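Encoded as structure tokens, the structure appears first; notes follow it.
Predicted model, so just to flag it, every value in this text is computed and none were measured. In what follows, chains carry the letters A, B, and so on, assigned in the order in which the sequence lines appear, proteins first and then strands, with residues in each chain numbered from 1.
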There are 8 protein chains.
Amino acid sequence: MQTGTVSLEKAVDALRNLPYENLGFAKPDYHRALRKGFPEVILAKGKTPAQVTSIAEHLKSQSDRLIITKASPACYQEVKQSIRSAIYDESAEIITFRHSRKTDLLPGVLIVSGGTADIPIAEEAAITAEEMGHAVERAYDVGVAGIHRLLDHVPQLRKAHVIIAVAGMEGALPSVVSGLVSAPIIAVPTSTGYGASFKGITPLLSMLNSCAPGVAVVNIDNGFGAGYIAALINKAYYEKHKK
Amino acid sequence: MQTGTVSLEKAVDALRNLPYENLGFAKPDYHRALRKGFPEVILAKGKTPAQVTSIAEHLKSQSDRLIITKASPACYQEVKQSIRSAIYDESAEIITFRHSRKTDLLPGVLIVSGGTADIPIAEEAAITAEEMGHAVERAYDVGVAGIHRLLDHVPQLRKAHVIIAVAGMEGALPSVVSGLVSAPIIAVPTSTGYGASFKGITPLLSMLNSCAPGVAVVNIDNGFGAGYIAALINKAYYEKHKK
Amino acid sequence: MQTGTVSLEKAVDALRNLPYENLGFAKPDYHRALRKGFPEVILAKGKTPAQVTSIAEHLKSQSDRLIITKASPACYQEVKQSIRSAIYDESAEIITFRHSRKTDLLPGVLIVSGGTADIPIAEEAAITAEEMGHAVERAYDVGVAGIHRLLDHVPQLRKAHVIIAVAGMEGALPSVVSGLVSAPIIAVPTSTGYGASFKGITPLLSMLNSCAPGVAVVNIDNGFGAGYIAALINKAYYEKHKK
Amino acid sequence: MQTGTVSLEKAVDALRNLPYENLGFAKPDYHRALRKGFPEVILAKGKTPAQVTSIAEHLKSQSDRLIITKASPACYQEVKQSIRSAIYDESAEIITFRHSRKTDLLPGVLIVSGGTADIPIAEEAAITAEEMGHAVERAYDVGVAGIHRLLDHVPQLRKAHVIIAVAGMEGALPSVVSGLVSAPIIAVPTSTGYGASFKGITPLLSMLNSCAPGVAVVNIDNGFGAGYIAALINKAYYEKHKK
Amino acid sequence: MQTGTVSLEKAVDALRNLPYENLGFAKPDYHRALRKGFPEVILAKGKTPAQVTSIAEHLKSQSDRLIITKASPACYQEVKQSIRSAIYDESAEIITFRHSRKTDLLPGVLIVSGGTADIPIAEEAAITAEEMGHAVERAYDVGVAGIHRLLDHVPQLRKAHVIIAVAGMEGALPSVVSGLVSAPIIAVPTSTGYGASFKGITPLLSMLNSCAPGVAVVNIDNGFGAGYIAALINKAYYEKHKK
Amino acid sequence: MQTGTVSLEKAVDALRNLPYENLGFAKPDYHRALRKGFPEVILAKGKTPAQVTSIAEHLKSQSDRLIITKASPACYQEVKQSIRSAIYDESAEIITFRHSRKTDLLPGVLIVSGGTADIPIAEEAAITAEEMGHAVERAYDVGVAGIHRLLDHVPQLRKAHVIIAVAGMEGALPSVVSGLVSAPIIAVPTSTGYGASFKGITPLLSMLNSCAPGVAVVNIDNGFGAGYIAALINKAYYEKHKK
Amino acid sequence: MQTGTVSLEKAVDALRNLPYENLGFAKPDYHRALRKGFPEVILAKGKTPAQVTSIAEHLKSQSDRLIITKASPACYQEVKQSIRSAIYDESAEIITFRHSRKTDLLPGVLIVSGGTADIPIAEEAAITAEEMGHAVERAYDVGVAGIHRLLDHVPQLRKAHVIIAVAGMEGALPSVVSGLVSAPIIAVPTSTGYGASFKGITPLLSMLNSCAPGVAVVNIDNGFGAGYIAALINKAYYEKHKK
Amino acid sequence: MQTGTVSLEKAVDALRNLPYENLGFAKPDYHRALRKGFPEVILAKGKTPAQVTSIAEHLKSQSDRLIITKASPACYQEVKQSIRSAIYDESAEIITFRHSRKTDLLPGVLIVSGGTADIPIAEEAAITAEEMGHAVERAYDVGVAGIHRLLDHVPQLRKAHVIIAVAGMEGALPSVVSGLVSAPIIAVPTSTGYGASFKGITPLLSMLNSCAPGVAVVNIDNGFGAGYIAALINKAYYEKHKK
């Protein structure tokens with residue numbers, strides 16, 4: 001019988017490289033850039049512009065890379081006053097920062113979206129993946145009710161390492177795409193639509209019940225989360241097996 | 001200003017041709033065959049086999065055509081003892097009756113289904129439409145995750161007057177079909193699947209939110225309802241405009 | 001055993017006549033008019049006025065017929081500046097376009113509604129069907145709590161080829177109408193009401209559970225969808241059986 | 001300013017006539033017969049047959065009248081062994097007791113039901129009201145999809161003091177009845193139906209959203225509750241105004 | 001076997017006294033005052049102020065009594081300009097009309113409410129019952145968390161013919177009241193509260209599941225419906241048994 | 001057999017010390033301070049500022065301690081004009097009153113929160129417990145996705161008598177904390193987050209399903225309730241066992 | 001600015017005393033008895049009888065105290081064969097073990113329940129608290145519909161340190177109890193009832209929305225969880241303030 | 001302006017390599033092995049054992065690799081009679097087939113699970129990934145309520161290319177794991193638990209709302225889907241970037 005007394009060395013190792021700062025109302029984790037290859041993201045929703053700005057200042061002092069998601073124009077105004085390099089995509093509600101962007105983005109991420117109304121969330125995913133160092137191709141308005149538009153993109157679909165499929169309403173796009181490719185698909189339900197779309201619950205359920213394997217789902221309107229995990233997957237194509 | 005005093009003649013006319021029988025526990029409406037071109041259907045679920053049999057006897061004495069839906073094997077046994085012409089499709093849980101079937105079924109109804117597990121409901125729809133005098137074509141297991149299977153049926157899809165699309169899981173089939181045809185589509189969500197398919201709620205919601213026009217939906221597992229309304233629509237192709 | 005190798009000729013035929021335009025944020029499908037007898041509809045909800053206008057310009061350059069649904073007044077203002085023939089029904093939130101309207105609308109569509117509050121959705125359905133070339137009769141405020149009002153319309157109900165029944169609150173209208181006619185009924189739940197009407201969920205569920213056959217349902221507040229499929233059904237009365 | 005110090009005399013008066021028995025697992029309230037004109041009812045669901053029997057014995061020793069609802073056959077067997085006067089209605093799942101039944105039942109309660117499958121719940125209501133001393137008329141299988149069947153009962157409907165309307169599926173019966181009468185209506189949703197009827201949620205919501213005034217609702221399948229309150233209302237017609 | 005051919009005389013009788021007016025967008029039923037002892041109520045929600053005013057004018061020309069529920073201040077302004085006798089209770093959102101009010105209101109209706117926030121709905125019920133000719137007693141802020149406040153009202157509770165219990169949050173008031181009285185209770189859930197009260201769903205479900213008999217429920221925030229049915233019940237105490 | 005006749009002396013004793021005031025629209029219970037060691041709290045949501053102010057005046061005339069929760073700035077303005085000692089925490093939406101605050105607050109309450117957006121609810125809990133005489137320690141932004149931040153607080157966690165864990169999104173904080181301590185934990189779900197967090201339903205369900213014992217849950221955003229019960233529990237450490 | 005570098009000593013301290021055993025399919029934590037004053041509990045639901053037995057054997061070898069909850073009779077049979085001291089309460093579905101039970105149980109825990117059907121869950125709570133060393137008083141069948149039964153227990157209620165209130169149906173018991181006492185209350189919703197009680201969702205929501213402070217809630221049917229946290233709270237009365 | 005006329009060559013290319021077989025009730029896609037590196041999976045749920053066996057025979061004749069998920073023992077019996085190499089994991093409900101298994105499984109997949117009851121779903125994922133050629137490490141029973149157990153696995157967690165996190169109840173495991181690693185995480189909610197876990201809805205919602213990036217979710221109990229997409233991701237580490 002193996003006795004699982006916790007080996008303290010392992011635990012110590014687990015915790016050694018995780019310093020953070022204590023702002024009282026927040027504890028930004030400015031070494032995440034080292035550990036995850038990316039700084040902590042700030043979800044602006046639920047925080048005051050002043051809180052967002054303060055956290056952003058601390059994180060920016062440690063790392064070049066930072067994303068602020070679900071940011072209102074008012075939030076952007078306050079951040080911009082403090083950090084002049086801030087850039088805002090109003091439709092995607094995302095703040096990034098001008099920096100010495102890597103010139104060698106890694107190809108492999110493709111984003112498809114069902115309709116024009118899904119573009120803001122698709123762009124939130126795209127900007128996230130680009131900030132993480134990946135080149136993003138886009139094929140928008142290829143919803144399943146005009147299947148010929150999607151089929152026109154089959155060669156592009158087959159070439160991708162990972163596909164983000166963004167759709168509202170009935171959310172069928174990931175299922176159809178999955179049947180055409182062998183890459184993993186990250187599905188993003190959006191809250192577009194009306195009536196019984198229930199602010200994204202319908203496409204969320206559809207995507208979870210996809211009859212096609214190779215699909216995993218993120219939260220409603222979570223473009224950031226999709227871009228993030230897609231970047232992690234695409235990165236695998238450029239890494240060697242860890243031993 | 002028009003005063004809407006009810007014209008009694010109209011009301012009388014509305015009610016004159018609607019006799020029915022009073023069995024105490026049921027009031028079968030044996031002139032529906034005249035009015036709707038079809039006898040009342042018996043929904044066996046929630047009734048005892050004895051009640052179903054009694055209602056069936058009364059209706060059969062007035063009309064050749066009768067359908068009993070959602071019938072258990074036990075229900076069929078009891079009906080069969082009383083009415084020898086009863087025929088049972090166990091998978092579709094439907095009882096019909098051997099009769100001088102019309103030899104000239106009207107072509108135009110096509111039923112497509114997403115997966116093998118949807119076939120019982122698809123057959124409930126098919127048998128219903130056939131009993132109402134329509135020829136039914138079937139294209140089963142053409143779910144959207146293997147879109148090439150569906151495309152193989154495009155000529156057949158384009159020829160149909162009305163299409164019944166039966167699907168569980170994410171319920172995307174009607175949306176994709178709708179983009180390929182100009183016929184009206186009756187969508188039937190099924191309770192197949194598991195987890196977050198919630199016994200058919202997911203495909204129901206998907207179908208209601210179809211991004212493609214030309215789709216209307218019936219209740220979960222309501223193959224009968226789909227076959228019935230499809231028959232009404234197909235019949236229009238064989239009737240002249242009423243003036 | 002039949003081997004279903006996709007016959008490429010069929011697939012090619014399926015896809016040959018489906019050109020579309022690529023606007024980047026949208027891919028309008030301007031040959032839908034040929035295939036479906038109607039141009040693609042624009043759902044304004046979720047799109048910016050500028051996007052709606054741009055799509056509308058492209059579609060109008062190819063076809064006379066176009067409908068823009070769920071359009072805000074601001075959206076209409078922007079479309080109107082670009083396309084002077086635009087007409088707005090503010091209550092029904094629908095934009096159509098002045099054109100050489102067909103003078104020979106096809107009779108057969110009847111719209112009944114439960115209450116005054118359901119009229120905007122009923123009109124969305126009516127305008128849609130009229131744009132598609134069908135004459136629409138209206139019988140509004142004939143809800144089931146005053147059944148005599150509905151009975152006054154029985155002769156009109158019996159004459160219709162297809163009936164659209166629009167209702168909020170308990171959504172019982174389609175069931176009652178269905179018992180009085182043999183035409184197919186398209187039911188539209190509306191989000192009127194308060195408390196446990198849950199923005200249309202209650203009438204949606206009622207209509208799906210209608211105890212009467214011959215009823216199919218569209219999404220909450222989807223007047224457009226109901227008008228569209230009703231037009232497809234009514235057209236059948238003026239076409240010969242396709243062989 | 002009125003100061004609401006509790007007047008102890010009132011409180012004492014409120015509590016004085018409410019003795020009960022303490023069985024450890026239950027505290028039957030055998031003076032309810034005095035206060036409410038009826039003994040406490042036993043809801044058998046969730047209790048063991050032995051518990052039900054023990055409570056029944058205690059209550060029977062104090063009062064002639066007792067109802068046991070939602071009782072399984074096994075529960076009835078055990079009660080019957082102890083109390084020989086027990087009578088069981090298996091369909092309605094209700095146990096009553098042979099007694100010197102009042103011969104002068106008070107007329108005024110009418111029960112209408114939508115379909116044959118609703119009869120068990122309708123009978124639960126009927127037996128309850130009869131046990132409480134009221135004469136019950138029944139009009140079953142008068143669902144709204146065959147409105148002429150219901151209209152045949154208009155004179156009977158207009159004569160009733162109070163109406164219990166029992167329906168499953170879309171639950172539209174109370175709304176239609178309400179438009180035809182001026183008596184109060186107690187609506188009982190039933191769990192019959194399938195698919196999106198959700199075990200009675202759909203008719204429950206329909207009934208709560210009835211567009212007709214004069215309707216109040218009890219729990220799904222709560223025939224007992226409907227019979228009970230209907231009896232209270234009908235009794236009012238035979239009492240003088242209390243001063 | 002009884003054959004239920006509709007007796008036309010009965011049907012005619014059923015429909016003879018139900019004239020109404022046709023305003024196009026509405027069909028007010030101005031003889032309801034005769035049949036139900038009260039004019040049709042106008043639910044203002046979902047109608048434009050102009051529509052409400054127009055319907056109100058027609059109904060007022062036929063009857064003195066009229067109630068307009070869920071009316072916004074803007075709606076009241078427009079009605080007031082046309083009908084000078086209009087009176088508005090802004091908190092209860094109800095419009096009534098100054099008239100030769102009956103001086104002999106019938107005692108018997110008691111309204112209890114759980115908290116201060118429930119008062120607007122309680123007043124909607126009270127005004128409705130008063131308009132229908134009944135005297136209303138009020139006992140507000142007697143929620144179950146301070147049971148002594150409620151017990152102080154026991155003599156008043158015991159004297160009532162019918163009780164309306166209005167409560168939000170956990171909605172326990174009707175259950176407790178029911179244990180203290182033998183009168184029927186109409187329960188009204190309100191949408192007050194926050195978090196998991198879900199805009200009234202929680203008290204609605206509580207009230208439907210009341211462990212006490214003698215309780216029936218109306219829609220969330222439906223003070224009008226509660227006042228209406230309570231008035232019907234109280235009236236019974238002043239009528240003789242109809243034979 | 002024990003007969004449970006209510007002993008009137010006990011009932012009298014139960015009710016004797018519960019006087020209250022009758023303001024018509026409210027019945028403030030100004031002896032609660034005696035009984036519960038704290039005055040009644042006013043939930044401002046759903047009451048007008050004038051009602052809140054009036055109740056507050058009456059309660060303040062009897063007791064020094066009073067809390068007004070979920071108070072809008074407008075409500076505070078009105079209260080402040082009448083009671084100059086009012087103090088407002090705008091983020092926590094709570095009004096308290098300057099008073100001779102006890103100098104000997106009882107240590108033992110610790111509040112942990114998952115993210116910055118949860119702070120307003122955490123502060124509502126903290127202020128409540130402080131008003132009730134307890135010293136509160138705070139450890140904010142220690143969400144489970146950065147487990148090292150939480151582990152840094154283990155000594156503090158182990159020292160607490162009772163812990164309030166406030167979290168939105170997936171609501172996992174209480175489960176993780178529970179595994180590290182032996183004190184009881186009061187979990188507060190918050191309505192922060194977006195998409196499928198459903199305004200707090202997701203963390204509410206998570207917390208109810210905590211796989212760790214020692215956790216109980218209050219309503220979504222109910223910081224007050226958590227602070228209140230935590231204060232009751234902490235007080236136990238300073239009391240002797242009652243015999 | 002405080003920099004929160006994790007102090008490794010603290011983390012090591014946090015983890016040092018948490019050894020466990022690794023059975024492959026389970027990792028029982030046999031020092032929990034030391035840390036929490038109680039061994040890990042085994043939730044039998046979802047585990048095979050063999051797994052439960054194996055985990056139980058390992059835990060029993062380290063500690064005298066063990067509880068197995070939600071255990072089927074089959075599970076008990078298998079455990080009993082291995083550990084002869086096992087004792088089963090079939091109604092409460094709980095397995096405990098005969099041991100040198102402490103003779104000095106700590107008084108202070110009171111359990112009240114609404115109805116007879118709630119007793120199994122109430123007993124699960126009682127047995128849990130007793131196993132943890134606390135004396136439990138019980139007052140069963142004191143539901144709010146017979147408020148006098150509850151009032152009879154006021155002296156007992158006032159004496160308790162902590163109260164567990166178990167109720168199904170409308171779940172109002174905790175609110176009423178809370179108004180009578182100053183002790184904290186742990187509310188347990190049960191899945192008894194039928195129709196719209198939705199297997200315990202209704203009482204769960206009611207309890208979360210209790211208008212009375214001092215109430216916290218555990219999962220539906222989670223008698224164990226309630227007993228556990230109540231024991232933690234009661235223990236506080238026998239401990240000195242930790243410094 | 002780019003005109004998107006479908007280039008037929010591309011479409012032809014898209015469809016050329018997708019032959020399938022037509023069994024009438026199913027159309028197995030036996031070249032999926034070529035396209036996706038794996039044969040089509042058979043979801044046994046909803047199909048008869050005979051249907052499953054027939055599909056399995058056809059697929060086995062074309063490819064060595066086949067998985068049958070959610071298979072009952074009866075289904076396995078029938079498959080086994082026809083295909084002797086069938087192997088059944090009864091707990092995971094999965095059928096695989098003895099074959100010349102690759103000896104060089106690719107390391108990189110780690111599966112962690114919260115509790116013993118989650119093991120069947122975790123094994124469904126593990127077997128799937130193994131069948132697809134990947135080596136799977138397992139760390140079971142490391143739920144968040146005993147965080148030290150999970151921390152013991154940090155080195156193993158950090159080494160993995162992709163992690164599958166399986167959990168029921170509150171579903172917090174993926175969030176905690178995500179904070180410790182930089183690999184993508186596939187979260188699988190399970191239907192274990194009781195009460196308000198709602199058959200897996202609670203962990204599903206928790207996982208979708210994870211406050212940690214890098215997590216995507218599959219359907220409740222969808223171990224297969226998780227194993228499948230994890231295999232696709234792990235494979236990326238062994239492939240070169242496609243150009």
Side-chain angles (χ1 to χ4, degrees), chain E residues 113-118 141-154 157 165-182 185 187 189-217, chain G residues 113-118 141-154 157 165-182 185 187 189-217:
Chain E
S113 82
T116 301
D118 302 318
D141 201 21
V142 294
V144 300
I147 199 73
H148 57 294
R149 301 176 193 170
L150 180 64
L151 292 178
D152 203 20
H153 291 277
V154 165
L157 289 162
V166 183
M169 306 188 89
E170 82 272 65
L173 188 58
S175 294
V176 177
V177 169
S178 170
L180 299 168
V181 304
S182 59
I185 294 166
T190 66
S191 58
T192 61
Y194 64 93
S197 81
F198 300 132
K199 303 196 174 173
I201 295 178
T202 293
L204 169 62
L205 293 177
S206 283
M207 289 167 174
L208 286 167
N209 284 284
S210 173
C211 51
V215 178
V217 186
Chain G
S113 82
T116 301
D118 302 318
D141 201 20
V142 294
V144 300
I147 199 74
H148 56 294
R149 300 176 194 170
L150 180 64
L151 293 178
D152 204 20
H153 291 277
V154 166
L157 288 163
V166 183
M169 306 187 89
E170 81 272 65
L173 188 57
S175 294
V176 177
V177 169
S178 169
L180 299 169
V181 304
S182 59
I185 295 166
T190 65
S191 58
T192 62
Y194 64 94
S197 82
F198 299 133
K199 303 195 174 174
I201 296 179
T202 292
L204 169 62
L205 293 178
S206 284
M207 289 167 174
L208 286 167
N209 284 283
S210 173
C211 51
V215 178
V217 186

Legend entry - side chain to side chain contact (heavy atoms under 4.5 Å, CB included) between G/V144 and E/V144, worked out: CA-CA 9 Å; G/V144 300; E/V144 300; over 6 Å; no
Legend entry - E/T116: side chain to side chain donor-acceptor pair (under 3.5 Å) partners, not counting sequence neighbours: none
Inset, instruction - Quick one: list whatever passes side chain to side chain donor-acceptor pair (under 3.5 Å) with E/S206, sequence neighbours left out. - result: G/S206
Legend entry - Between CG on residue G/L208 and OG1 on residue E/T202, distance to nearest 0.5 Å: 8.0 Å
Legend entry - Spacing of E/L205 atom CG and G/I201 atom CD1 [to the nearest 0.5 Å]: 8.5 Å
Legend entry - E/L151 and G/L151, any side-chain heavy atoms less than 4.5 Å apart: yes
Legend entry - Close approach to chain G in residues 169-177 of chain E, criterion heavy atom under 4.5 Å: E/M169, E/E170, E/A172, E/S175, E/V176
